[in-house]
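Please read the structure below before turning to the comments.
This structure is a prediction, so every number in the text was calculated from the model and none was measured. Values reported hereafter were calculated over all heavy atoms of this structure, with side chains retained and with hydrogens, waters and symmetry mates removed.
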Amino acid sequence: MSTTTQTLRTDGGGSPGAPGRQARARARGFGPSGMAWLVWRQHRTAFLLLLVVAAVTTAVLAWLAQDASSAVAAVEGSSPSPVATAALDTAYQRLDLLGLALAGLPVIIGVFIGAPLFAGDLESGTAKFVCVQSHSRWSWVGTKLGMAALFSAVAALSTGIAMKALWTPLANHMAVNADFTSASGFDTTGPVAVALAVLGLLIGAAAGLLTRRTLPAMVVTFAALLAVKTVWEPMRMMFATTVTKTTGDGLFGEGDAPEVPVNALEVDTSYVTDDGSLLGWGSCVEESDRPACLRRDGVVGWSKEYLPFSHMDAMQWAASAALAGALLAMAAVLIYAARRALR
């Protein structure tokens, strides 16, 4: 009686007998290879889920943007109907809610992609094998971060473009109802959205390297990103380039104040005195003869400071330059954390 022994070869996906589809694709030159392939195999579920959610969100926002543009066009027409007015009111009401939901994208990326990126390997012990592989530990760190940053940036860019398309017609029609300096408008569009998404990723990755445990890293990341948002909130207007209009020649009545364009946000309203200084709008409110009181104080006109929606792009690029400094600082922290965790 003879026994035949059959040797089975397995590829990275565990398919017996011959290289699997992934291996054949790599042999033909398609798809990632080497360290990129290993990172993709490990984190593909999270990466693909992020892209799917971003794609669905982008599609919904694009549809709502078209709906909002149609509503604005109908209301600005010669005879707006009650239906068009109601549709526009609905668009403004859901704008902030959509923006606030999308403003949570950096937190989602930081907690669910950044935090487990290295913490999972450190917690399970597989990170110990990095140094004995043909690739260096820095190749491992760089590939993981690079791929995660790429998917995070693509998700933030696609949703940010769609959100900007939704925000634009509404802000141009009546900016006071579409505050583009808020977190829901400013942080979810343009380069700021991408910078904040990558910053969330880096904070999460650094937390994972420092704590070496997935759950604590997620908690630390969530707390850190809330702190970042709290600090960032009052900083946005630092990057604004406002426009100021004034009146003079003693014209400081209520009807003499310069008008703020409908596509701009009012920043400040003051009185102008004869020496060019500004006096608060609430001056002399308790006086029985307010105009006489203002004249005694030297008031000669109005000053209106406002921020047009057309200045938003420049404002965001300036803010992104500042966020680049935060990204570099987090990169330095991450390098330190990686040295400490992988030594």
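- A donor-acceptor pair shorter than 3.5 Å can be found between the side chains of T214 and E123.
- Hydrophobic cluster membership differs between L210 and L145, with clusters built from Ile, Leu, Val, Met, Phe, Trp and Tyr side chains linked at under 4.5 angstrom.
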- Begin with the C-alpha distance, continue with both residues' side-chain angles, and end with the deciding distance and a verdict on salt bridge (charged side-chain N to carboxylate O under 4.0 Å, His left out) for D289 and R295. CA-CA 10 Å; D289 189 353; R295 289 190 187 93; 5.6 Å; no
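- Side chains of T168 and F309 form a contact here, defined as non-hydrogen atoms less than 4.5 Å apart.
- Across T181 and R236, no two heavy atoms sit closer than the pair O-CD, 3.2 Å.
- Taking the six-membered ring for Trp and the full ring otherwise, W140 and F118 have centroids separated by under 6.0 Å.
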- Please report the C-alpha distance between L294 and R290 in whole Å, then the side-chain angles of each, then the deciding distance to 0.1 Å, and finally whether the side chain to side chain contact (heavy atoms under 4.5 Å, CB included) criterion is met. CA-CA 6 Å; L294 291 173; R290 191 181 185 195; 4.1 Å; yes
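- Note on E266 versus K304: salt bridge recorded, some NZ/NE/NH1/NH2 to OD/OE distance being below 4.0 Å.
- Taking both residues in full, the closest heavy atoms of A183 and A103 are given as O-CB, 4.1 Å, listed atom of the first, atom of the second, then distance.
- One finds no salt bridge joining D89 and R94 here, because no Lys/Arg side-chain nitrogen approaches an Asp/Glu carboxylate oxygen to under 4.0 Å.
- Nearest heavy atom pair, residue D179 against residue W167, reads O-CZ2, 3.4 Å.
- Of the inter-residue distances, the one linking I108 atom CD1 with L201 atom CG reads 13.5 Å to the nearest 0.5 angstrom.
- Of the possible polar contacts, one joining the T57 side chain to the V53 backbone as a donor-acceptor pair under 3.5 Å is found.
- Using cut-offs of 30° and 60° on the angle between ring planes, the pair F151 and F47 is parallel.
- Within 6.0 Å of CZ in R339 there are 12 or fewer heavy atoms belonging to other residues, nucleotides or ligands.
- M174 has its side chain out of reach of L170: every pair of non-hydrogen atoms, C-beta onward, lies at least 4.5 Å apart.
- With contacts defined as side-chain heavy-atom distances shorter than 4.5 Å, the pair I335/W138 qualifies.
- The distance from atom CE of M235 to atom CZ of F186, rounded to the nearest 0.5 Å, is 10.5 Å.
- Separating the CG atom in L327 from the CG atom in L334 is a distance of 11.5 Å, to the nearest 0.5 Å.
- The CG atom of L102 sits 6.0 Å away from the CE atom of M163 when rounded to the nearest 0.5 Å.
- Ring-centre distance between W302 and Y271: below the 6.0 Å cut-off.
- Of the N and O atoms on the side chains of T247 and D256, not one donor lies less than 3.5 Å from an acceptor on the other residue.
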- Message: Working note: T242 + E305, criterion side-chain hydrogen bond (donor to acceptor under 3.5 Å, both in side chains); need CA distance, chi angles, decisive distance, verdict.
- Response: CA-CA 6 Å; T242 58; E305 183 184 8; 2.7 Å; yes
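- Nearest approach of L166 to A68, heavy atoms of both residues: CD1-CB, 3.9 Å.
- The two residues G99 and T188 make their nearest non-hydrogen contact at O-CG2, 3.4 Å.
- Transitive grouping of hydrophobic side chains (ILVMFWY, heavy atoms separated by less than 4.5 Å) keeps L278 and V267 in distinct clusters.
- A 4.5 Å side-chain heavy-atom check between D121 and K144 finds at least one atom pair inside the cut-off.
- A chain of hydrophobic side-chain contacts below 4.5 Å, direct or via other Ile, Leu, Val, Met, Phe, Trp or Tyr residues, connects V39 to W37.
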- Are V299 and V272 close enough, and set up right, to give a side chain to side chain contact (heavy atoms under 4.5 Å, CB included), and what steps lead you there? CA-CA 6 Å; V299 171; V272 180; over 6 Å; no
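- For the pair D187/W232, a side-chain contact is recorded, criterion being any heavy-atom separation below 4.5 Å from C-beta on.
- In this structure, the side chains of Q316 and F239 stay at 4.5 Å or more apart for every pair of heavy atoms.
- Taking 4.5 Å as the limit, some side-chain heavy atom of V75 sits within range of a side-chain heavy atom of H173.
- Atom OH of Y92 is surrounded by more than 12 heavy atoms from other residues, nucleotides or ligands within 6.0 Å.
- One finds the CE atom of M147 at 10.5 Å from the CG atom of L117 (value rounded to the nearest 0.5 Å).
- The closest side-chain heavy-atom distance from L51 to V154 is below 4.5 Å.
- Follow the hydrophobic side-chain contacts under 4.5 Å out from L328 and you never reach V228; the two are in separate clusters.
- With no hydrogens or angles considered, no side-chain donor-acceptor pair links D67 and S69 at under 3.5 Å.
- Partner S303 forms a side-chain contact (heavy atoms from CB on, under 4.5 Å) with one of T244, L279, T269 and no other, that one being T244.
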- Go through M312 and L307 one step at a time and tell me if the side chain to side chain contact (heavy atoms under 4.5 Å, CB included) criterion holds. CA-CA 8 Å; M312 182 181 178; L307 177 64; over 6 Å; no
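- Closest non-hydrogen pair, S184 versus S182, comes out as OG-OG, 3.0 Å.
- Grouping the Ile, Leu, Val, Met, Phe, Trp and Tyr side chains by contacts below 4.5 angstrom, directly or via other members, places V243 apart from M237.
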- Could you walk me through whether L48 and W40 pass side chain to side chain contact (heavy atoms under 4.5 Å, CB included), step by step? CA-CA 10 Å; L48 288 175; W40 168 252; 3.7 Å; yes
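- For the atom pair I203 CD1 and L199 CG, the distance stands at 4.0 Å (nearest 0.5 Å).
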